[in-house]
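Throughout, a chain's letter reflects where its sequence line sits, starting with A, and its residues are numbered from 1.
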Protein chains: 2
Amino acid sequence: MGRNKEFDTTVVLRKAMEVFGHYGYEGTSLQILLDGLGIARQSLYDTYGTKKDLFISAVKHYTNEKSAAVLTRLDRSGSVKAAVADIFREIAAVLKDEARRKECFIMHSAIDQVPHVPEIAAFFEQDASRLEEAFYQALVRAYEQGELSERHSDLRALARYLNHSRYSLTQAAKLTSDPKVLDDIVKVTLSALDS
Amino acid sequence: MGRNKEFDTTVVLRKAMEVFGHYGYEGTSLQILLDGLGIARQSLYDTYGTKKDLFISAVKHYTNEKSAAVLTRLDRSGSVKAAVADIFREIAAVLKDEARRKECFIMHSAIDQVPHVPEIAAFFEQDASRLEEAFYQALVRAYEQGELSERHSDLRALARYLNHSRYSLTQAAKLTSDPKVLDDIVKVTLSALDS
DNA sequence: ACAGTATTAGACTGTTTGGTCCAAAAATGG
DNA sequence: CCATTTTTGGACCAAACAGTCTAATACTGT
């Protein structure tokens with residue numbers, strides 16, 4: 001019994017990503033936040049807790065979603081190089097889409113808060129090691145399948161590089177609105193796997 | 001005549017980079033800023049103007065310094081690949097140095113402000129195109145010197161990639177304190193120039 | 001000594017901040 | 001109808017904010 005929630009909490013969470021991504025965590029005043037979410041002050045506090053709580057929830061939700069997509073693709077059998085190419089081209093596609101790119105910028109605000117919010121620091125550390133390991137295992141499989149040449153001696157370094165490059169594309173997107181630049185960066189990034 | 005300035009304005013500017021780099025632009029209160037700079041409130045306003053003015057000055061000073069170093073190395077005759085390797089290994093060295101890395105993080109705060117401070121946006125746009133062009137010209141020379149193989153057909157893309165990678169290393173440093181990870185990323189990044 | 005400038009600490013101001021509280025309206029299931 | 005819950009807007013608060021101003025002190029070249 002009682003009234004039902006009127007808004008979809010994950011839809012609002014997505015709006016929070018956009019707002020925090022645009023203004024940064026500290027740059028987002030409560031008023032800006034509420035305007036962006038389209039809900040009332042009390043609804044925010046009842047549903048998500050404080051501004052910081054909402055921020056952490058949004059960061060985690062965003063990261064989990066993106067990481068899950070990467071893990072899924074890497075776990076598919078078949079060409080690993082094709083899977084990695086898929087992953088990066090998908091990221092580029094999102095960053096070139098005026099509507100979908102907005103929420104990605106919460107990543108930038110989140111990295112900003114790493115030194116000040118231990119919970120976010122710990123979360124990113126765990127996520128990064130999980131992803132690095134997934135890339136590494138995929139690269140081992142690629143090697144066994146004969147997809148890599150003797151040029152790729154250090155698969156650990158390659159795994160770290162791929163995971164880092166994933167994040168850094170968002171930064172590039174914030175600095176340029178030219179889709180060609182993003183495509184160029186992805187193209188050269190992927191060439192690290194060429195023979 | 002009259003009393004002389006007691007503090008070196010570029011030394012204080014460097015401290016500003018560290019403070020803004022650590023707390024972000026919005027996250028830096030005037031009190032934190034003054035404590036970090038070690039000067040009085042009035043000295044700040046007399047010497048640099050408002051908080052935003054100081055921030056812009058610090059960003060420009062940092063960027064100009066780093067860009068000049070890159071341009072100098074690229075303009076040297078001799079191996080271009082060696083010059084590029086030098087540039088990236090120097091960046092990694094700074095980011096691994098607990099003392100020198102701090103001021104680099106102002107870059108992150110600066111990118112944060114790109115959508116909100118037109119002066120910074122314009123400045124970065126100009127700086128990026130200048131650097132991209134320098135990398136491109138260097139790569140053309142490398143090609144003419146026989147340093148590149150037929151694998152490197154798109155020198156424009158390679159130039160954009162190198163310039164982007166330069167920035168992105170700072171982001172990587174903010175996410176990990178493991179120097180090995182930075183070395184790995186640099187190693188693979190440079191392998192984009194291998195035959 | 002003197003005029004000019006720099007430095008400092010602190011008072012002060014009007015605004016904005018994140019967060020709480022309240023009360024009334026609206027929806028829900030029993 | 002009724003108890004329960006959500007939603008909403010606005011009142012409210014103490015704290016923090018950026019920036020200005022003042023007044024006293026310290027240094028400098030003439």
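Distance, B:Leu30 CG to C:dT8 C1': 15 Å, rounded to whole Å. Rounded to whole angstrom, the span from the OH atom of A:Tyr48 across to the P atom of C:dG18 amounts to 18 Å. In this entry the distance linking CD1 of A:Ile32 with C1' of C:dG18 reads 13 Å, nearest Å. Rounded to whole angstrom, the span from the NZ atom of B:Lys52 across to the P atom of D:dA18 amounts to 13 Å. If you take CD of B:Glu26 and C1' of C:dT16, they are 13 Å apart, rounded to a whole angstrom. Taking atom OH of residue B:Tyr45 and atom P of nucleotide C:dT8, one finds them 16 Å apart after rounding to whole Å. Spacing between atom CG of B:Leu54 and atom P of D:dG19 amounts to 11 Å, rounded to whole angstrom units. C:dT20 atom P lies 17 Å from atom CD of A:Gln31, rounded to whole Å.
Closest of all the heavy-atom pairs between A:Val12 and A:Phe7 is CG2-CD1, 3.5 Å.
Taking the six-membered ring where tryptophan is involved, the planes of B:Phe20 and B:Phe55 are perpendicular, since the angle between them exceeds 60° and thus also 30°.
Under the 4.0 Å criterion applied to side-chain N and carboxylate O atoms, B:Asp127 and B:Arg130 are assigned as salt-bridge partners.
Atom OG of residue A:Ser29 and atom CG of residue A:Asp35 lie 8.0 Å apart, to the nearest 0.5 angstrom.
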Sequence-aligned protein contact record of nucleotides 5-16 of chain D, with B where the base is within under 4.0 Å of a protein heavy atom and S where only the sugar-phosphate is: BBBBB-------
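A donor-acceptor pair is defined here as one N or O able to donate and one able to accept, closer than 3.5 Å; no such pair exists between the side chain of B:Arg89 and the backbone of B:Asp183.
Figure legend: cation-pi geometry between A:Lys51 and A:Tyr25, with NZ or CZ positioned under 6.0 Å from the six-membered ring centre and within 45° of its axis.
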